[in-house]
Amino acid sequence: MNRLAVVALLLVPARALAQDTTEVSGTVTDANGPLAGAIVCGCDWDQDGRIAMARETCATTDESGAFSVETTLVSDGTDVFGQIMVGAPGHLTVDPYVLETETTGVEVELELLDAPDNPDYDWWRPIGRADGSVIGCGTCHGTIVDQWLESKHSIAADDPWVLDLYHGTDEDGEPSGPGYRLDHDDTGPCGACHLATATWETGEVADFDELESIHLNGVFCETCHKIRSVTPRGGPGVDGSIELWRPSYGDAAGGWAQFAFGPYPNVTTHSMLTSYSPLFEGPEACVGCHEWENDNGVPVMDTYTDWMAVGDPADTKPCEGCHMQDTFGIGADPMEWLVDDPHMRQMSGQRRDPETVFLHQFFGGEQWAPFAMTLQAEAVQEGGELVVRTTTINTGANHRIPTGMPFREMILVITVEPAGGGDPLVLAAGPTIQARGGDLAGQPGKVFAKSLGDADGELTFAFWDATQTLEDTRLATGQADESEFRFTVTRDVSVEVTARIFYRRASQLLAEAKGWDTTDIEMTQVQQEVDLVAQGDDGGPGSDGGAEEPAEEDAGTCACRQVGARRALGVAPSGGLAVLFALALLARLARRRNGAR
């Protein structure tokens, strides 16, 4: 098979790019013989360069390694040729050119990644300069690196919250609150994820206080794109679940050629080497650090377990589908190119459907909180009480919420206050916020969180030493919590009822000990104004006032005509209508949630 020099591609005139497609057929092999399951993709062209063919147009080799796939022909003024790209797990991706006269019987051999991990490898820096004075991943992938810099991953090694929990200090560096090193002489499990490259390099979980500069980048490009395999629930990060692989390929300058595992089988390889890895299409690339139980067998983080419980994994949108997509316009520009420089695009880039490009801000709870929950609330007077009924549903997450670290909280708060000011109504019956709610403890409402306990059965935020789960009130995907709050009515008054849910990245009990800023992030709110009427001894309106009795034909037929009726402000349907409303909403969000991987 002929393979044209790269320079020929760079000289293709724009006016010659639009040509017919052709069928390319042949076989794919590796050192062991015919290779089944390899993915072969064609390539389209426009004036900006290559366009990645849609994945559904790619071919998969059969047991004999055979394939047949369409690709677009182009001309450099001398030859007419096309290009195909071939990727398979555990192999280097290749991107051969095929002459128009040699489109059948094409033989492609993939190189196995069977060399051992290279302990002498020098990690590539994430930040590079476009002028080439500093070479790093950002030299070509500047937009992606800029996105990563906005994420929590970029500060994994020096996040003040992480360091405070590691050392047992507050924001001023003074001893306060729990800390792993207060009770342990070893470095603990934290560095296996937060300092993954340093841990992999030495073979021992790294210490936050003893790091070379490259590892201060936290969870950076090399951390994820060197993941060779993942064993779910196999231990924290690279100290158990995650295996990294550093290549031994050299470059012309005497350094290490850049190499990455990634989610695409159809990439060009002129500037760097790649290997297609299905790990990046599902949750497996994330599970090594976002699923962990401590040495006492207590599940501290169980996001992967929750995700597996949603339904058929093949039909459930994985982590990347939400946390690396701007589904609700949170604030990321859609990307068509993975490389920024026009010259590099001509040589190595492909324009892609933005729906297939993962954004590297890694949107988390702070961004997703306003879209995670649906809250329904209805307030109505029943005799001498105002009854507030709420339904809280997880309609926006493929896992329980809040997920991740057990110090995170969602709090439902109910307030009933006179419209003209004055003391709020007193709760007669219903749940109240427990102690971990801090300043809200004792108020009408509920905390949704996982509470871990120590050996004495007391709430602890030293999750590494927790011995039990005291309570888990988080909501699973599609799960609804129904609560009822009853307030005593003592006078005729118009009140404003507010039901709201907000997200706290850390319990106020822990935040105050550490001096952390825990600004409440509002998730959703429902308000309703209700006219209350004090009841007499006979159970009817008091002699000093009251509402006109509804006509007999209207009694019980319409809540808006009854005493204590809703007057305004976004109250969800009640009773049977509430169920229908919830089912319709869940169906709509299920369509958003589900998607083929």
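What you see below is based on every heavy atom in this structure, not just the backbone, and it leaves out hydrogens, waters and symmetry mates. The residues of the chain are indexed from 1 along the displayed sequence.
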Check your understanding: In terms of side-chain geometry, is the basic nitrogen of Arg500 or Asp520 positioned less than 4.0 Å from the acidic oxygen of its partner?
Key -> no
Check your understanding: Under 3.5 Å, side chain of Asp340 to main-chain N/O of Gly142, donor-acceptor pair present?
Key -> yes
Exercise for review: Quick one: sort the Phe371 and Phe328 rings into parallel, tilted or perpendicular, breaks at 30° and 60°.
Suggested key: parallel
Check your understanding: Going by atom types alone, do Trp464 and Asp183 pair a side-chain donor with an acceptor below 3.5 Å?
Key -> no
Review point. Could you walk me through whether Leu244 and Glu222 pass the side-chain contact (heavy atoms from CB on, under 4.5 Å) check?
Key: CA-CA 9 Å; Leu244 302 184; Glu222 292 273 73; over 6 Å; no
Practice item. Please report the closest heavy-atom contact between Glu385 and Ala428, naming both atoms and the distance. Key: OE2-CB, 4.0 Å
Check your understanding: What distance separates His323 NE2 from Ser151 OG, expressed to the nearest 0.5 Å?
Key -> 13.0 Å
Review point. How long is the span from the CZ atom in Arg389 to the CD atom in Glu484, to the nearest 0.5 Å?
Key: 4.5 Å
Practice item. Over 60° means perpendicular and under 30° means parallel, so classify the ring planes of Phe463 and Trp292, tilted if in between. Key: perpendicular
**Study point:** Heavy-atom donor-acceptor pair, Asn294 side chain to Gly297 backbone, under 3.5 Å
**Key:** yes
**Study point:** Gln468, CD atom: more than 12 neighbouring heavy atoms under 6.0 Å
**Key:** yes
**Study point:** Donor on one side chain, acceptor on other, Thr356 and Arg55, under 3.5 Å
**Key:** no
Point to revise | Shortest non-hydrogen contact between Ala466 and Asn296, atoms and distance | key: O-ND2, 3.0 Å
Exercise for review: Assign the ring pair Tyr304 / Trp307 to parallel, tilted or perpendicular, where the plane angle (0 to 90°) is split at 30° and 60°.
Suggested key: parallel
Exercise for review: Return the minimal non-hydrogen interatomic distance between Trp124 and Cys137, and the atom names on each side.
Suggested key: CB-SG, 4.4 Å
Exercise for review: State, yes or no, whether a side-chain contact exists between His153 and His360 at a heavy-atom distance under 4.5 Å.
Suggested key: no
Review point. Does Lys450 reach the main-chain N or O of Arg408 with its side chain, forming a donor-acceptor pair under 3.5 Å?
Key: no
Point to revise | Residue pair Arg125, Ile214: steps toward the side-chain contact (heavy atoms from CB on, under 4.5 Å) verdict | key: CA-CA 7 Å; Arg125 298 179 178 277; Ile214 183 64; 3.8 Å; yes
Practice item. Quick one: list whatever passes side-chain contact (heavy atoms from CB on, under 4.5 Å) with Leu427, sequence neighbours left out. Key: Thr432, Pro444, Phe485, Phe487
Practice item. Applying side-chain contact (heavy atoms from CB on, under 4.5 Å), run through Gln527 and Glu496 and close with a yes or a no. Key: CA-CA 7 Å; Gln527 288 185 314; Glu496 186 172 87; 3.5 Å; yes
Exercise for review: Could you check if a side-chain atom of Tyr264 sits within less than 4.5 angstrom of a side-chain atom of Arg352, using non-hydrogen atoms only?
Suggested key: yes
Practice item. Please say whether more than 12 non-hydrogen atoms of neighbouring residues, nucleotides or ligands are located less than 6.0 Å from CG in Asp186. Key: yes
Point to revise | Distance-only polar pair, side chains of Glu409 and Ser507, donor-acceptor under 3.5 Å | key: yes
Check your understanding: Charged N to carboxylate O below 4.0 Å: is that the case for Arg504 and Asp439?
Key -> yes
**Study point:** Flag for Tyr166-Asp159: side-chain donor and acceptor within less than 3.5 Å
**Key:** no
**Study point:** cation_pi(Arg505, Trp161) dist<6.0 Å, angle<=45
**Key:** yes
**Study point:** Residues forming a side-chain contact (heavy atoms from CB on, under 4.5 Å) with Asp456, sequence neighbours excluded
**Key:** Asp454, Glu458
Point to revise | His215 and Leu195, any side-chain heavy atoms less than 4.5 Å apart | key: no
Review point. Around atom CD of Glu212, are there more than 12 heavy atoms of other residues, nucleotides or ligands at under 6.0 Å?
Key: no
Practice item. With the side chain counted from C-beta on, respond yes when Phe502 and Leu440 share a heavy-atom pair under 4.5 Å apart, and no when they do not. Key: yes
Check your understanding: CE of Met324 to CZ of Phe363: how many Å apart, nearest 0.5 Å?
Key -> 10.0 Å
Practice item. Kindly give the heavy-atom pair with the smallest separation between Ala480 and Thr391, and that separation in Å. Key: CB-CG2, 4.0 Å
Exercise for review: Using the ring pair (Phe, Tyr, Trp, His ring centres under 6.0 Å) rule, pick out the option among Phe280, Phe261, Trp148, Trp123 that qualifies with His225.
Suggested key: Phe280
Check your understanding: Does any non-hydrogen side-chain atom of His141 lie less than 4.5 Å from one of Val339?
Key -> yes
Check your understanding: Any donor-acceptor pair under 3.5 Å linking the side chain of Asn394 with the backbone of Ala476?
Key -> yes
**Study point:** Over-ring placement of Arg181 relative to Phe208, 6.0 Å and 45° cut-offs
**Key:** no
Review point. Is there a side-chain contact between Thr403 and His290 (heavy atoms, below 4.5 Å)?
Key: no
Exercise for review: Would you confirm whether Lys446, through its side chain, and Ser483, through its main-chain N or O, come within 3.5 Å as a donor-acceptor pair?
Suggested key: no
Practice item. Would you check if the side chain of Thr477 reaches a backbone N or O of Ala397 as a donor-acceptor pair within less than 3.5 Å? Key: yes
Practice item. Over all heavy atoms of both residues, which pair between Pro406 and Leu452 is shortest? Give the atoms and the distance, please. Key: CG-CD1, 3.7 Å
**Study point:** Side-chain heavy atoms of Arg400 within contact of Asp302, under 4.5 Å
**Key:** yes
Review point. Would Ser494 and Glu529 count as having a side-chain donor-acceptor pair, cut-off 3.5 Å?
Key: yes
Check your understanding: Salt bridge between Arg233 and Glu291, side-chain N to carboxylate O under 4.0 Å?
Key -> yes
Check your understanding: Nearest 0.5 Å, what's the CD1-CZ distance between Ile144 and Phe358?
Key -> 11.5 Å
**Study point:** Closest heavy-atom pair and its distance - Leu163, Ala157
**Key:** CD2-O, 4.0 Å
Check your understanding: Salt bridge or not for Glu471 and Arg436, using N-O below 4.0 Å?
Key -> no
Review point. Hey, mind stepping through Cys224 and Val219 against side-chain contact (heavy atoms from CB on, under 4.5 Å) and telling me if it holds?
Key: CA-CA 7 Å; Cys224 297; Val219 177; 4.0 Å; yes
Check your understanding: Between the side chain of Thr473 and the main-chain N/O of Val447, is any donor-acceptor distance below 3.5 Å?
Key -> yes
Point to revise | Any donor-acceptor pair under 3.5 Å from Thr524 side chain to Met373 backbone | key: no
Exercise for review: Give a yes or no on whether the backbone of Val205 and the side-chain of Asp239 come within a donor-acceptor separation of less than 3.5 Å.
Suggested key: no
Practice item. Starting at CD1 of Ile155, measure out to CG of Leu216 and round the result to the nearest 0.5 Å. Key: 13.0 Å
Review point. Got a sec: does the CG of Asp423 have more than 12 other heavy atoms crowding it under 6.0 Å?
Key: no
**Study point:** Nearest-0.5 Å distance, CE of residue Met523 to CG of residue Leu412
**Key:** 11.0 Å
Exercise for review: Using modelled atom types only, decide if a donor and an acceptor are shared between the side chain of Thr199 and the backbone of Ala206 within a distance under 3.5 Å.
Suggested key: yes
Point to revise | pair Pro178-Leu510: side-chain heavy atoms closer than 4.5 Å | key: yes
